[in-house]
Each structure stands twice: as C-alpha cells, then as structure tokens.
Amino acid sequence: MKNKWGKYGILLAVAFLLILTAGCSVPVLDPKGPVGESQKNLIVFSIIMMSLIVIVVMVALTYMLVKFRERPNRSDEDYDPEHEGNTKLEIIWTVIPLIIVTALSIPTVITIYQLEDPPQSSSDKEPLVVHATSADWKWFFSYPEQKIETVNYLHIPTDRAVEFKLSSADSMASLWIPALGGQKYNMAGMETTLYLQADEAGTYEGRNSNFTGTGFAEQTFDVHAEPAEEFQNWVEETKQSAPELTQDQYDELLAPGLLQEMEFSSTHLEYVDHGSMDGSDYLIQRHGTEAFEDIPALEGGEDVAND
Amino acid sequence: MDFLLNEFLVTGDPLIYGAMVSIVLVSIAIVFVLTYFRKWGYLWREWLTTVDHKKIGIMYIIAAIAMLFRGGVDAMLMRAQLTLPNTEFLNSQHYNEIFTTHGTIMIIFMAMPFLIGLMNFVVPLQIGARDVAFPFLNAVSFWSFAFGAMLFNLSFVIGGSPDAGWTNYAPLAGPNLNPGPNINYYLLGLQISGIGTLATGINFMVTILKMRAPGMKLMRMPIFTWSSLITSFIITFAFPILTVALALMTIDRIFGSQFFTLTGEGMPMMWANLFWLWGHPEVYIVILPAFGIFSEVISTFARKQLFGYKAMVWSMLIIAGLSFLVWVHHFFTMGAGAGVNSVFSVTTMLISVPTGVKIFNWLGTMYKGKIRFDTPMLWSIGFIPCFVLGGVTGVMLAMAAADYQYHNTYFLVAHFHNVLIAGTVFGCFAGLTFWYPKMFGHKMNEKLGKISFWFFVIGFNVCFLPMYFLGFMGMPRRTYSIEPEWMPLNVISTIGAVLMAVGFLVFVYNIYYSFRYSEREKTGDTWDGRALEWATTTPVPFYNFATVPEITGPEAFWKMKQEGGTTYDKENLEPIHMPSDSGVPFIMSAFMFVAGFGLVWEWMFMAIAGLIGILACMVVRSFDYDHGFHVSVEEIKETEEKAREGEK
Amino acid sequence: MSGHSELTTGPLEYRSHEDRMTVLGFWLFLGAEIALFATLFATYAVLFGRTADAPAPQELFEMPMALTMTFLLLTSSFTCGIAIHEMRRGSLKGLLTWLIITLALGLGFLGFEIYEFVHYAHEGATLQSSAYWSSFFVLTGTHGAHVTLGICWAVLLIIQLKKRGLNQMTARKTFVLGLYWHFLDVIWIFLFTSVYLIGMVV
C-alpha cells in the first residue's frame, strides 16, 4: 500500500525534525518567565489533545483504505452502496468534538484573563513601567520613573513584572520576546499594555514580529534581565553617563532607517506620546511622506540578523 | 524619458529584466502563432465573446493554472532567498514585493478562479441547466477577473509591485508611509476582479435556486452544487465589504481622504477589521467548494452514496454562518481586551466541530465501499490527513492566549498552507482530474498523475512541517533574512518546495501528454458517476442536455442508470433557447483595465476615459434586445446522433 | 427554458422564467448593496467624532435642508410607486409621466446634495479635512452616486419605453428600476436618522 508509506514518511519526518531541533533553542517551549510558562502549558495541553484527534483520524483512515479497497477476490458481503448514514455515530462525532472544544476553551479563557494582569508570582512588587515605542525600524524604550531612555536594547529586573506601554510612531509593529511570553501590537494613536516577567537572568532576543517594510528583519533588540540590584546600578550609571535626549535629536532618530544601540538620561515622552491621538501624526509632521518615498539602502544599524 | 526609466519601468534587477524579456517574447510568440495559423477570428468567436459557461469555466481554469505558476515562481524565489540568506539573492524590498504578490495571487487570482472555473463548468451540468442564469454577466465576471489579474501582474515590470503583504495593512500601505503606484495596483487589481466575483456569487445563487431540473429539490442536489450555493451566498455578502475597504484606501491614496491615515485622526486599525471581515469568509469561499469536490470524488470512487448527506449540508451552512463571526482571531494581539478575545476564541474553535463532522462523514463514505485509487481519489485521500493537521493547528491558533506566541510566526505560515494547499489546491487538482474527461474528452494520464501526486504531497509535508518548529524557534513570517540556527529547517523546507514544484510541472506536462496520447472517451460516463453531469455526452454539446430528465431522488444519474432514463428523449424534443455571444463583456472589462491603470498612476484623463468606456458599454447592452436564438430540433437530433455513435 | 412554464396572466414583468430570475437576481444584488452600505455606516460610526481641526457636524448640519432632501426623495419614491402602478394598468403614458416626475424629484434631491457639499467645503469641511468628514462625504456621496446612476438608468429606460412601448422586457426593466429606487429611499432614511439627526444632537 502506497498510502501507508505516505504516513510513515510523515512520522519519520516529524521524528527527524525533533532530532534536528534538539540542539537548538526553542524559546517558545522553553520560557524564562511566568507569562511564557502559562502559554507553554496551554500549548503543550493543546498539542496533546490535538495529537489524539490526529491519531484517531489516521487510524480510521488507514482502516478504511486497507479494509475497503477494491482488490481481487474480495467478497461483496461488506460492500453496501446504499449505506448512507448512521445517526448514532453522527451524534457521537458531533458531541465529542464539542467536548474537546469545551475542554480547550476553559483553560484558554482563564489564561486570556490572567494575562491581562501582572503575573501573580511578583504581586508584592509594583510592575516596572517601560514605554516601548516602535518606529521604522528601531525601538525606543522609555523608563518614565527612572527618567532614562534606550534604543534597541533594554534592561529589566528579574522576578518583577514589567508593564510595557506599547505604541508606534508609524507602521504597526508587534513587540515579541519569545523567551518571556507572547506579543502585542504597537500602534500609532493608541496604547496597548503587555505584562511580561523574567524569572531567570540572561539576555533574550526580542523583535518586531509584524511586517513593517524594508528594515523589518533588522528591527530587533536585546533584553538583558538581571537581578534588581544590578538593574538599579545600570539605571544609575546610565543616568550619570548618558546625554540628554533633545527634541531635535529625537526627531532625527525617528526618520526611517536603522540605529545602533543608544541610551539617554531623559525620555522622549516629554515631547510626544505616540500612543495618544494627538501624537499619531507627529512623525509625518516632522518628516512628511518624502522620507518614505525612496528608502536608501539601510545601514548604520547593527547587523543582528546575520551574525 | 527620465520618468520612463526611473519610475514607470522597474529597472535595476536582472530578474525583472528577465521577466520583461520573457513577457515581450511570449507576447510576440502568441501574436505570431495566432496570425500564422489564422486563429484571430477563431479566438474572438469561440472564446473572447463566448457566454457558454463551459468555455468560461475552462478559461478560468487555464488562467488559474498560469497564476499558480506565477505564484509558485514567487514561492521558489522566497525559498531560495531563505536558503541562501547571506548572498542577498533578493534584497529586502524585492523579497517584500514577492511575498506580497505570492499571497495575493494565490488567494485572489489562483484559488478563487480555479474553484469558480470548476463551479462554472460543473454546476449547470449537475442541476440539468443549459447555462447559468445570466450568461452575459458570467462573461463580464470572467473578463473583469482576467483584466484585474493582468493589471495586478503588470506591476512587476511597470511601476513596482505592491509590497505591504497580501493583507495590505494600514498605515504601512497608506499614503503616508508608502507613496507611489505599487499599492494602487493591489487596490485596483483586486477591485476590478472583485466586481466580477460578486457578480459570480449572485449569478450562481440564482442559477442554483431557479434553474434546477424538474424534481430536483434542494435536498436532492449534488453536494458540490450545495457547496457552490453556500459559497455564492458567502461571496454575495462578504465581497461588498472588500469593495468598500479597497475603495476607502484608494480614496485615501489618490484623493487624500483620511480613513486609515496617521494624520487627520484617521484610524489605521479599521483596515484590519474591514479586511478580515471579508478575509475570513474568503477563506471559506476557497475551502467549501473544495469540500464539495472531495465529497463527490470520495463517493464516486468508494462507489457508495455519500455518508450523512444532510449533516454535510448542515455543517457547510453552519461553517458559512460562523465564518462571519470569527474575524478578530486574525489580530488577537491588537489588545481588544480579554472579553472580546475569549468570545472570538470560542467561536473560532466551534468551526472545528462541523469541519470534524465532515471529516468523519468522508471516512463513513469509505466504510463498506469498494475503493478505487484513481488520481482524483488519491488527491482526496491525501487531503484528509494533511488537512486534519492544518485543522488541529488552526484550533491551537484559535486559543488566543497561546496565539500571542504563534502570531506572525512560521507556525501560522505552516498552518494556513496546511489548510489552503491540502484543502484548496488538492481540491482543485482532484476536481480538475475528475472532470477533465468531461471538459476535454479524454482522461489525464493515470501514471503521470500518480507521479505528480506523490511528488506534490511528499514535497508539501517536507516543506511545511518544519515551519511549525521554526515558529516555536521564534522565526517571524515575512522576514527576508534568517538566523543561523533556523538554517537547517529552512533548507529542508526548500527541498520540499522543490519537490512540490516538480509535482506541479509533471501535472502540467500531463496536460500536454494526455492531449497527445490519451484514449478519447467513448461514453459520457467516465468514472461510473453519480450526478447529472455524467448523463450527457462527452464532449458536452453547447446546449448541455437535449432533454432534461425528471429527477426523482438524490444521485440523479445513479438512479437513471438503474431505473432507466435519458437526456435524449427523442419523442419530446423541443427547440432550445440559447443566449447569443457578445463582445461587450470583453470590451467593457478592457475599459475597466484602462480606468484602473489610469487610477494607479493618477492620470485622471485616462481614468475618466476608461470610465466613459465602461458606461458606454452598459448603454450598448441596455439597448440590445437580441439576447438569444433557438436551436432547431433537427440540429439537436443531428448533434446527439453523432455524439452517441460511440456508445453503441 | 423548457421545463419552466411561461405564464400568460399576472404582472407582465413576472411572466417568463427569465423575468423571474432577473428579479430574484436583482433582490440578491440589493442584498449585496445592503452589505456595502452597512460597511459604510459602520465606518462612519467608528470614525464619528474624529473631526480633528475641522468644524464639528452640529455646527454645519441644518435641519431645513436635510428635511427638504428627505421630502424630495420620499415623494419620488411614492411617485415611482405610482409609475409602476400605471405600468400594471397597462398605461404607457401614465408610466412615462410619473417616471419623469420621479426623475425631476431625484434631480432636485441631487441639486440640494451638491449645494450642501459645496457649502460644507466653504466652511472648511472637505473629504480631506479629517477622518470623520472623509466618512461623511463617502457615505452620503456613495448614496448620491447611486441616485445619479438611477437617474441615468431611468433616462435610458424612458427612451426604450418610447421606442418599444410596454412589453415583457421593458416592463421587467422598469420594475427592477423601481426596486432600485425604493432601495435608495430606504438607505436615505437610515442616512437621515443616523447621520443628520444624530449628527445634530450629539
């Protein structure tokens, strides 16, 4: 039977892929914080349920193909061209999927609601507020309480929730740090909130996952998660050594293009809040559409993607 | 001259020069062949002016296969870039254009026309009609699709292709961030072909509701006809939303309104909502007819009645209803709030229930059957496991909290290819090989068909299974460069894509091979069929049925074969009224193309000239009262006797 | 089409199978039109209040004008109904007379709408000035474009009726035009309430 080979092939391919990926980092399935953890649990639960369905269908299909294929010497006893339905069976295979959907819906809805609030495990501390603003094709991270701002990287303390206030100066982006948890959109003229938390210190990759044009692939950043004390040291150091961010300089940085990592001892929030309706045309007012007419070959940013 | 070289023509890329040269060469070759063999008149009389649903269906399918080739080339270029990321085979801009045209072409100009082509050919035959309800409108549908597709494809060499993804999200695609003609091509190409699709929806609803053979009640209709009716319903109510969305963005870009802009308090996110309000039903527009095809094929080759006919119909109706209630799941990450996301999570997962019922009903159809493994059946069997995989990953994506991790990644890419290729493309191939003898009078070669099936289906799994893992590894979609650790899986994926390409090429070669060598059909009933399309002769006479039989139950032709019955009742022949051919649809659509091209470049004189042309065609049509002619009884007799010689 | 009987009684426009299909097809088309206008209304509702620096609607909308336009269009719908009634009675002259009255009322409506648009533009509210005004002009403009198309269509029909008199084909065309005209009237009622009335109050 050729068809069986097809299925063996699929199984083999899956096994092969598992071996191949064994050595690589799979951040979604190996999260470093409670948000990613609850999502991973949901994912694993759903994979198990779904595998059951796939197996049932595969087995049933193989059975039908083997047993009822046309072959020489097959008696006509089990051939019934008039056979057209079986109410009992049909009810069964309507109700069982309904039960499965219910079983999946409950944890899904619970998790959806949980993720709207900061993680429980650090509820004793106030979340750290970071405004993450995307612009073509870079990230600004503003710490309003600490009065510092970074470009294309950020530091966060471990074991404390981070409350990201997301907005965009131009196209819609999506802030995604797979090792810490799922993403949310950055949009011009409105503000969204995303809670993430790192439980382990380390450097994680973050990126914009939503297509934004020419420099999209390079719109990445590093997240340095470190214990509270180290984080505090970094804040102090930045405050003292980094220059202030003037409005003129900020406007210049906003122009479409790539940027190196940078840090400043003040934030752009005093000039504009891209997350409000008033701020949504700030970039267009400064740069016009001409800036987007002929995008020059991109350079100046760090070559993150290919190193 | 400066304008011509710097803005009008796309310059500076060897791939595009190659495309230009090949377009010119192919055009010259076509003109030469047509002139040399004196086929201009034939082309005009038999094809460009035809209103015959069978010819229109065939033209749809030919165009769709050409577009499948174009979209496939795009896919291969993308795979090449992702396998050789450091060679800058494509730069970012070029890659962006290519994934945009790949998506748009595959959905709008490949999947939909392919299925509409099959619907065109098959539905009137299945219900015992002589043509569709509005044959003239049907020709308008086809030609507006063809000219819309042409306009869209032209962007590759003139002005630059759209580059904001097939979803064309604002504000990226809006006038602020993306000036120039490229996005205009997307908007107007889709708008022009969308008008045709809407007309098709209305046309087929009326055809199926009003033109069935006497005695064919709704619940006696073949299941493919049912799927076409439901699809037409979705088209009729979903496409106006796209029309509006496209028009609003066109007005934004060309006339300076502020719907989706960053300025003037515009609301870019409204585009995403409008787009998916149409876009999700669109997914079912391209999957339901495929379900219908699989049902026909599985029942024919299991040589059994379809299991659970009523449940099949009801599940399609429920899917159609739910398809309008799930659009938010395309942007769970927009932050609409827990309540909204929960509701749309659950409605999305609910769709899996009727879909699951259909899967089990297909298995039930095989139960106690006598299964033959001809090529159409192979595609249908291959569909089940591959589609189930796409279905279950769809359920995983529907779980909003988990979707935050899948969204915008290769997990998503793998999922929708798993449903759209296993569902729609396998369905198109199954349908085409199944009805091929009816269309052209000979089968497609079985051996080549099987080779192409195995290449395609194995390549398909090798190509897309690794992508699920790439998603977990954090690889975003639409990126032209990759990180080193994503490399091995991308290479495997590319190998799969090459296998698929081989499968496709064998399929196309098979068309040529079968044309040359396949045995010609002697009867109208190639596969021991069950529905009415097999009751008439092959090739089908232009009036389809000399006499329309009285239908007494489901599976009309199966019953006729057992109880006797014919579509050529010599005693009761009557003159048949048939619609006249017309060149107006072709000319009118050509004017749409002119108007569209004018708008793309914001040349208002050209747009207005095109518009006047369209209106003039409508006036001509309005004053034309000669809509048909009668086929005499003698001519019917002559045609039928000749066609039925082989059967004796 | 054999198998589908031709009627010899009943309204002229329903007698042949083709007629019945055309009328059903047109109803479905109107269904699609409803989806189209629903999308435009939804867009308008979403963008309501986003006037940016342009004047707010309550500063510009005037009750007398909106009421006059409503009166003109509603009356034209009524006269269109009388025209169809005359057609059913078999009176070509009556049909033509009432159709022309309908046309005149429709033209009057259009005249007011154009005046209204020009007036708003003078006050600083144009298609370009803000999201709200974009949606206002496109929503009402789409309706106006439909009315314009309906008027052109009616002119073509009047010529055909003059040339060919009342027969099955012209009767069907007239009837379908009537459906279209009433549909535009229904849309206007929604426009009047949800754009003008609400716009003046909120």
Side-chain angles (χ1 to χ4, degrees), chain A residues 10 13 17 20-21 24 26-29 39 42-43 46 50 53-54 57-58 60-61 64 68-70 78-81 83-85 90 93-94 97-98 101 105 108-109 111-113 115-116 170-171 174 178 182-185 188 192 209-211 213-214 217 280-281 284 289 292-293 305-306, chain B residues 86 92-93 165 169 171-172 176-177 179 262-263 265 269 303-305 307-308 311 333-335 338 341-342 345-346 349 352-353 356-357 360 363 366-372 384-385 388 392 396 399-402 404-405 407-408 458 461 465-466 469 472-474 476 478-481 485 488:
Chain A
I10 294 170
L17 289 175
L20 254 178
T21 49
C24 304
V26 186
V28 172
L29 299 181
Q39 285 164 332
L42 201 57
I43 291 171
S46 66
M50 294 298 114
I53 295 176
V54 173
V57 173
M58 294 284 190
L61 177 65
M64 300 299 170
F68 298 107
R69 73 185 195 275
E70 186 179 54
D78 58 355
Y79 173 53
D80 182 7
H83 171 251
E84 55 163 354
E90 287 177 65
W93 63 51
T94 311
L98 269 175
V101 165
S105 292
T108 303
V109 171
T111 316
I112 292 174
Y113 274 91
L115 297 184
E116 295 289 302
D170 39 38
S171 21
S174 185
Q183 63 199 291
K184 205 168 251 185
Y185 286 160
T192 42
S209 71
N210 193 70
F211 180 64
T214 317
S280 82
D281 62 352
I284 301 300
T289 48
F292 293 89
E293 242 155 42
N306 291 335
Chain B
N86 297 321
S92 167
Q93 176 62 25
Y169 270 14
L172 178 62
N176 300 137
L177 305 185
L262 293 171
T263 51
E265 304 196 349
M269 296 315 129
R303 285 182 277 173
K304 253 190 76 202
Q305 218 170 321
F307 187 96
T333 51
M334 200 178 270
N341 281 359
S342 300
S345 269
V346 174
M349 280 190 257
S352 68
V353 177
V357 167
F360 285 110
L363 294 175
M366 293 180 199
Y367 178 72
K368 290 201 172 177
K370 210 189 251 180
I371 305 171
R372 281 190 321 221
I384 291 178
V388 165
V392 295
M396 290 169 70
M399 301 163 71
Y404 303 157
Q405 283 282 34
H407 187 63
N408 273 332
I458 292 172
N461 283 298
L465 283 180
F469 293 87
F472 286 137
M473 291 166 79
R478 295 173 171 177
T479 175
Y480 82 111
S481 73
E485 53 187 36

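These numbers come from a predicted model, not from an experiment. Numbers restart at 1 for each chain; the letters A, B, ... are given by sequence-line order, proteins then strands.
- With a 4.5 Å cut-off on non-hydrogen atoms, I112(A) touches chain B through its backbone and its side chain both.
- Side-chain contact between L177(B) and I284(A) is present, with heavy atoms from C-beta onward closer than 4.5 Å.
- Nearest heavy atom pair, residue P171(B) against residue S171(A), reads CG-CA, 3.8 Å.
- A side-chain donor-acceptor contact under 3.5 Å links Q405(B) to the backbone of P178(A).
- For Y169(B), the part sitting under 4.5 Å from any heavy atom of chain A is the side chain, from C-beta outward, and nothing else.
- For E116(A), the part sitting under 4.5 Å from any heavy atom of chain B is the side chain, from C-beta outward, and nothing else.
- Considering only heavy-atom pairs separated by less than 4.5 Å from chain A, the leading option among M334(B), Q305(B), K370(B) is K370(B).
- Annotation: maximal heavy-atom pairing with chain B below 4.5 Å, among V54(A), T111(A), D80(A), occurs at D80(A).
- Contact record, I43(A) with A402(B): CG1-CB, 3.8 Å, taken as the closest heavy-atom pair.
- Using cut-offs of 30° and 60° for the angle between ring planes, the F360(B) and W93(A) rings count as parallel.
- Contacts between T192(A) and chain B at a heavy-atom distance below 4.5 Å involve the side chain alone, from C-beta outward.
- Contact annotation for S345(B): only side-chain heavy atoms (C-beta onward) come within less than 4.5 Å of a heavy atom of chain A.
- No other option in G369(B), G165(B), G356(B) has as many heavy-atom pairs under 4.5 Å with chain A as G369(B).
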E70(A) vs I371(B), test: side-chain contact (heavy atoms from CB on, under 4.5 Å). Steps then yes/no. CA-CA 5 Å; E70(A) 186 179 54; I371(B) 305 171; 5.9 Å; no
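- In terms of heavy-atom pairs under 4.5 angstrom with chain B, the leader among A60(A), P27(A), A188(A) is P27(A).
- M366(B) is not listed as a side-chain neighbour of F68(A), based on a closest heavy-atom distance of 4.5 Å or more.
- Of the listed residues (M269(B), K304(B), K368(B)), the greatest number of heavy-atom pairs within a distance under 4.5 Å of chain A belongs to K368(B).
- With hydrogens and angles ignored, the 3.5 Å screen pairs no side-chain donor or acceptor of T214(A) with any backbone N or O of Q93(B).
- Only the side chain of S174(A) comes within contact range of chain B, with heavy atoms under 4.5 Å apart.
- By number of non-hydrogen pairs under 4.5 angstrom with chain B, the leading residue of S46(A), S209(A), S105(A) is S209(A).
- At a 4.5 Å heavy-atom cutoff, the contact between E90(A) and chain B is made by side-chain atoms alone.
- With Q39(A) contributing its side chain and A401(B) its backbone, the two residues share a donor-acceptor pair below 3.5 Å.
- When heavy atoms are compared at a cutoff of 4.5 Å, L363(B) approaches chain A by way of both its backbone and its side chain.
- At least one donor-acceptor pair under 3.5 Å links the side chain of Q183(A) to the backbone N or O of H407(B).
- The two residues V353(B) and T94(A) come nearest to each other via the heavy atoms CG1-O, 3.8 Å.
- Between chain A and the residues V392(B), T479(B), N408(B), the most heavy-atom pairs under 4.5 angstrom are made by N408(B).
- Your options are A311(B), S352(B), P179(B), A400(B), and the one with the most heavy-atom pairs under 4.5 Å with chain A is P179(B).
- The candidate with the highest count of non-hydrogen atom pairs below 4.5 Å against chain A, out of N176(B), V388(B), I384(B), is N176(B).
- With a threshold of 4.5 angstrom between heavy atoms, L98(A) approaches chain B through its backbone and through its side chain.
- The line from CZ of F307(B) to NE2 of H83(A) is 5.0 Å long, rounded to the nearest 0.5 Å.
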